[in-house]
Amino acid sequence: MLALVALLVQVASPSAELVAVHGHADPIALAVGEDGSRLYSAEGASIAELELVDGRLIERRRVAVDATLVALHARGRRLFIAGSERGAGVLELDANPPTVLWFDRADEAACTALAFDAERCVATFAGRGRSELRVYAVRTLERLGAVRVEGLALDVELADGRAYLALGPAGVARVDVRAPSELAVEPGPALPAFVDPRARASRRGPWARDLAIAESTLHVAADDAGLVEFALDGAWSDARRRVVPLALGGKPAYAIRVAVDGSRVAVGTTRGPAEACDGAPYGLFGTIGWNLDVGAVDPQSFELGASEGLWLFEHAGERCELRRSEPIDHSGWRSLVLRGARTYEQHLRIGTVVRELVPAAPGATSPPGASGSTATPSAWGVRELARRQPPGLPAIDGAASLRDPRLLLFGIDTAGSLARGLLRLGEDGTLALARGFEHSAPLGLGVGAQWLDREPTREWFVSNGLLAWRVQRLTLGAEPRIDSWELRPPAPLDAERGGVRGNSYLNSTLAGELLLTTRYGSRFGLLGWAVEDVRAAAASSKPGSALALEPRWQVRTHEDDEAAPCFTWNACVFTLADGRALAAVAAGANGRAGGEHFEKPQVAIFELSRDVAAPPERLAYVHGVGAKGLAIAVQAFELAKRRRLAVATTGGELLIIDVDDPKHARLERTLVAPEHPYDGGRDPLLDLELWPSTDGTRVTAWIAAGRSGLLATELGAAEALATLRVVDDTPGWAAGLATTTIDGARRLVLGDQRAGLRVYR
């Protein structure tokens, strides 16, 4: 511990100046103008203004908005924005250029929803299981009052001077806002229990996700309880309730969106509960589990729905009659608006869709499986008017070109945008599509090993594909291009004991003439290839083909008594003072059930042989001792003449490991990520970059931390302990980092997933 005190220091907090953003990425939210011809689509860290013309959605302009755009509402020529940690804002569309006024924010809470009427605007701020409703004058945006509310406010509607709130597991409530200085919360009537009995065991109760009001009725999208309607013409606390259960193909349909117009009601359903659908990396609020469960929700705790869907109802007196149900496979609901006979929808995977309701032909039915196992009568038909999948580059991890440090080779993780092209940092400091690569297909999930070609305009890199590594040759110059080959993993040596070839979690790094690759799914997670073998195989194979090549070796990163399949992530190579070359491998978590280190981060240390054909010798394992987590990223550094590792884990911890004596490598210190204001959880640390100071007395660690954004700490030589601090709460999901040096100055590049890519200095 004394050595640690000499190592870790809280120096002046590192700072990073944001110099460029390419914020075109995945769909997040949608608003519709008053006449239905103008749509405003939040796509990453920007808003596209669209016009519906002759069945096409045409992009008229785009406004950069550096915030998580949770919800949008159009009112005249103003666009109201719920901007998560940035707060509540309004975009003046007629300003030149259009500008956002952030008129309110809350410490330790995210702005989740907005609503307004002729006199007032209301906004909700949610965090750590509690929320606050704030009331403003709609013209001046002056705050008039505020009140605390128990529960997570996920949506708000304003009608007849009362604000109605969807509070997640706390159900529904309302607040009379006609006297803003005397606000009081009125708890609402109870929601019905979940249909799926496992849901009650795994979560706290019914989940109110979305609201809509019309015809003196409050409509609630209430997860797998379905559509719940409350009559507003009587006492609020025991309002009459109507429950409309929903099912797709005999499986639950989780209600996540609801919209109304007069007597018509539209409901959007998804395949999983709100907790999971709102979770990272594709949701907007929740995190991801240490074991990569979306939303940190065990997928075994709920029944997966058969399909997502659009449900259309009409009220006839006291009845709510189903007029049409439409399965929508793999959509990922974002927004739903109903205007007369049209639905305006935004989905993560298929973008913006406009549909029109038309009278059904005699005897018409909804598609089979939409509300049961057979086709059902349908009173309405649905005609698609327009569809638009936005362009975007939701970047997660990568590197800069070795030949052109301004060209950024970043992987893409998208479920929605049409990803094409590579980005280049221009001389003017802006990020734009690189000339000649505007239509290039995505490289994969990330870029690892890189090396130069003998031809001065060429270089090579290895990215991770779906079921194989991808060896790619980049050619610059007058005719830029990328040629690629598949490098397929061999059958694992533990195939008979549960090992599999792996999937897209594959990484790579270079050790001289040795290409090290890691894979998911096998205890033998580290493979070695001779770079010269790869060159020769590519030279004799057509681009696009699979290389007929076997690795020189594959070695064990997990022991036999660890459960398979196993996670093995990336690796780094470093040299000891005596000249020995070592590799540190982020080997996920220990999988020995009941063991001392079970489900704790695991790092394997290997000594590399000078002979590329000889397997490396494993010298030691080192484990975390705090939270459960996967060791996912590792880098080596030297400080006070000792070699150390910095290891990022999905449990929100940064491990500092002394490897100067590699056979007795030891954990020196665990640094913990700050709690996220939304739910108090610690976000996963997904990647890191280390910058040594010019005088060698300290090292800055930059860390990509999911929702929390860019973190940093300084490792130095004083007697204080370091802490991880948020340097930039990015609008997306910070997933990967790279360093490039331009004109002698370092630049930090961050893949912010659903909000694009960011460059700092």
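- A salt bridge links Arg120 and Asp117; the closest N-O separation between the charged side-chain nitrogens and carboxylate oxygens is under 4.0 Å.
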query: Which is it for Tyr760 and Arg758 under the side chain to side chain donor-acceptor pair (under 3.5 Å) test, yes or no, and what are the steps along the way?
result: CA-CA 7 Å; Tyr760 304 84; Arg758 302 164 76 81; 3.0 Å; yes
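- Side-chain N/O atoms of Glu108 and His676 include no donor and acceptor closer than 3.5 Å.
- Of the possible polar contacts, one joining the Asp679 side chain to the Gly681 backbone as a donor-acceptor pair under 3.5 Å is found.
- In this structure, CD in Glu186 is found 6.5 Å from CG in Asp176, a value given to the nearest 0.5 Å.
- Counting only distance, with no hydrogens or angles, the side chain of Arg60 and the backbone of Ala48 share no donor-acceptor pair below 3.5 Å.
- Taking CG of Leu114 as the start and CG of Leu72 as the end, the distance is 9.5 Å to the nearest 0.5 Å.
- Salt bridge Glu59/Arg61: absent, no basic N to carboxylate O contact under 4.0 Å.
- Taking a cutoff of 4.0 Å between a charged side-chain nitrogen and a carboxylate oxygen, Glu308 and Arg271 do not qualify as a salt bridge.
- More than 12 heavy-atom neighbours from other residues, nucleotides or ligands sit within 6.0 angstrom of CD on Glu17.
- Panel note: side chain Glu345, backbone Leu336; no donor-acceptor pair is recorded below 3.5 Å.
- Ring centers of Trp333 and Tyr254: at least 6.0 Å apart, outside the cut-off.
- The residues Arg75 and Glu34 are annotated as not salt-bridged, no charged nitrogen and carboxylate oxygen being separated by less than 4.0 angstrom.
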task: I would like to know whether Arg388 and Thr352 meet side chain to side chain donor-acceptor pair (under 3.5 Å); could you show each step before the answer?
output: CA-CA 5 Å; Arg388 174 184 178 273; Thr352 301; 5.1 Å; no
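- Here the side chains of Val175 and Leu165 are in contact, with some heavy-atom distance below 4.5 Å.
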task: List the steps and the verdict of side chain to side chain donor-acceptor pair (under 3.5 Å) for Tyr164 and Arg174.
output: CA-CA 4 Å; Tyr164 295 83; Arg174 79 177 183 183; 3.1 Å; yes
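- A salt bridge links Asp107 to Arg105: one of the charged nitrogens lies within less than 4.0 Å of a carboxylate oxygen.
- Side-chain N or O atoms of Thr112 include one that pairs as donor or acceptor with a backbone N or O of Ala153 at under 3.5 Å.
- When all heavy atoms of Leu93 and Pro98 are compared, the pair lying nearest together is O-CG, 4.1 Å.
- Nearest heavy-atom pair across Ala280 and Val294 is O-CG1, 3.4 Å.
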- request: Step by step, work out the side-chain contact (heavy atoms from CB on, under 4.5 Å) result for Arg242 and Cys320.
  value: CA-CA 9 Å; Arg242 179 193 296 119; Cys320 182; 3.9 Å; yes
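- Between the side chain of Asp223 and the main chain of Ala255, no donor-acceptor pair closer than 3.5 Å is present.
- A side-chain donor from one of Asp413 and Tyr282 sits under 3.5 Å from a side-chain acceptor of the other.
- Looking at residues two or more places apart in sequence or on another chain, you find a side-chain hydrogen bond (donor to acceptor under 3.5 Å, both in side chains) between Glu675 and Arg128.
- Note: Leu685 CG to Thr650 OG1 = 8.5 Å, rounded to the nearest 0.5 Å.
- The aromatic rings of Phe313 and Trp311 lie parallel to each other, with less than 30° between the two planes, well short of the 60° mark.
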Asp104/Arg143 under salt bridge (Lys or Arg N to Asp or Glu O under 4.0 Å): CA gap, chis, key distance, verdict: CA-CA 8 Å; Asp104 203 5; Arg143 193 200 299 183; 3.0 Å; yes
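- Counted within 6.0 Å of CG on Asp160, heavy atoms from surrounding residues, nucleotides or ligands total 12 or fewer; the atom is thus considered open.
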- prompt: Do Arg78 and Glu92 pass the salt bridge (Lys or Arg N to Asp or Glu O under 4.0 Å) test, and can you show the C-alpha distance, the side-chain angles, and the key distance before you say yes or no?
  reply: CA-CA 5 Å; Arg78 302 171 101 189; Glu92 299 288 350; 3.2 Å; yes
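- Remark: side-chain polar atoms of Arg339 are paired, donor with acceptor, to backbone N or O of Val32 under 3.5 angstrom.
- Across Ile213 and Glu157, no two heavy atoms sit closer than the pair CD1-CB, 3.8 Å.
- Taking CG of Asp155 as the reference point, atom CG of Asp210 lies at 4.5 Å (rounded to 0.5 Å).
- Once rounded to the nearest 0.5 Å, the distance linking CG of Leu310 with OG1 of Thr269 reads 8.5 Å.
- Arg725 places no side-chain N or O within 3.5 Å of a backbone atom of Pro674 that could act as its donor or acceptor partner.
- A salt bridge between Arg130 and Glu150 is present, with a side-chain N of the basic residue lying under 4.0 Å from a carboxylate O of the acidic one.
- No more than 12 heavy atoms of other residues, nucleotides or ligands sit less than 6.0 Å from atom CZ of Arg139.
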task: Show your reasoning for whether side-chain contact (heavy atoms from CB on, under 4.5 Å) applies to Leu158 and Val156.
output: CA-CA 7 Å; Leu158 194 56; Val156 63; over 6 Å; no
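- Note: Arg257 CZ to Thr343 OG1 = 14.5 Å, rounded to the nearest 0.5 Å.
- The aromatic rings of Phe116 and Phe80 sit tilted, their planes meeting at an angle between 30° and 60°.
- Listed for the Arg342 side chain is no donor-acceptor partner under 3.5 Å among the backbone atoms of Gly36.
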- request: Assess whether side-chain contact (heavy atoms from CB on, under 4.5 Å) is satisfied between Asp278 and Leu284, documenting all intermediate values.
  value: CA-CA 6 Å; Asp278 279 339; Leu284 300 181; 5.7 Å; no
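- No side-chain donor-acceptor contact under 3.5 Å links Thr68 to the backbone of Val70.
- Under 3.5 Å, the side chains of Ser41 and Gln346 contain a donor-acceptor pair of N or O atoms.
- Distance alone, capped at 3.5 Å, places no donor-acceptor pair between the Ser417 side chain and the Pro390 backbone.
- Exactly one of Leu750, Asp729, Leu18 qualifies for a side chain to side chain contact (heavy atoms under 4.5 Å, CB included) with Leu710. That residue is Leu750.
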message: The test is side chain to side chain donor-acceptor pair (under 3.5 Å); show your working for Ser331 and His347 and say whether it passes.
response: CA-CA 5 Å; Ser331 68; His347 305 265; 3.2 Å; yes
field: Stepwise side-chain contact (heavy atoms from CB on, under 4.5 Å) test for Leu724 and Val672
entry: CA-CA 7 Å; Leu724 301 183; Val672 181; 5.9 Å; no
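- A side chain to side chain contact (heavy atoms under 4.5 Å, CB included) with Asp752 holds for exactly one of Leu757, Thr730, Val21, Asp728; it is Thr730.
- The two residues Asp26 and Pro394 have their closest heavy-atom pair at OD1-CG, 3.3 Å.
- Contact between Gly171 and Leu191 at its shortest, heavy atoms only, is CA-CD1, 3.8 Å.
- Ion pairing between a basic and an acidic side chain is recognised when a charged N comes within 4.0 Å of a carboxylate O; Arg77 and Asp94 show such pairing.
- Pairing each heavy atom of Asp687 with each of Ala648, the nearest pair is N-CB, 4.5 Å.
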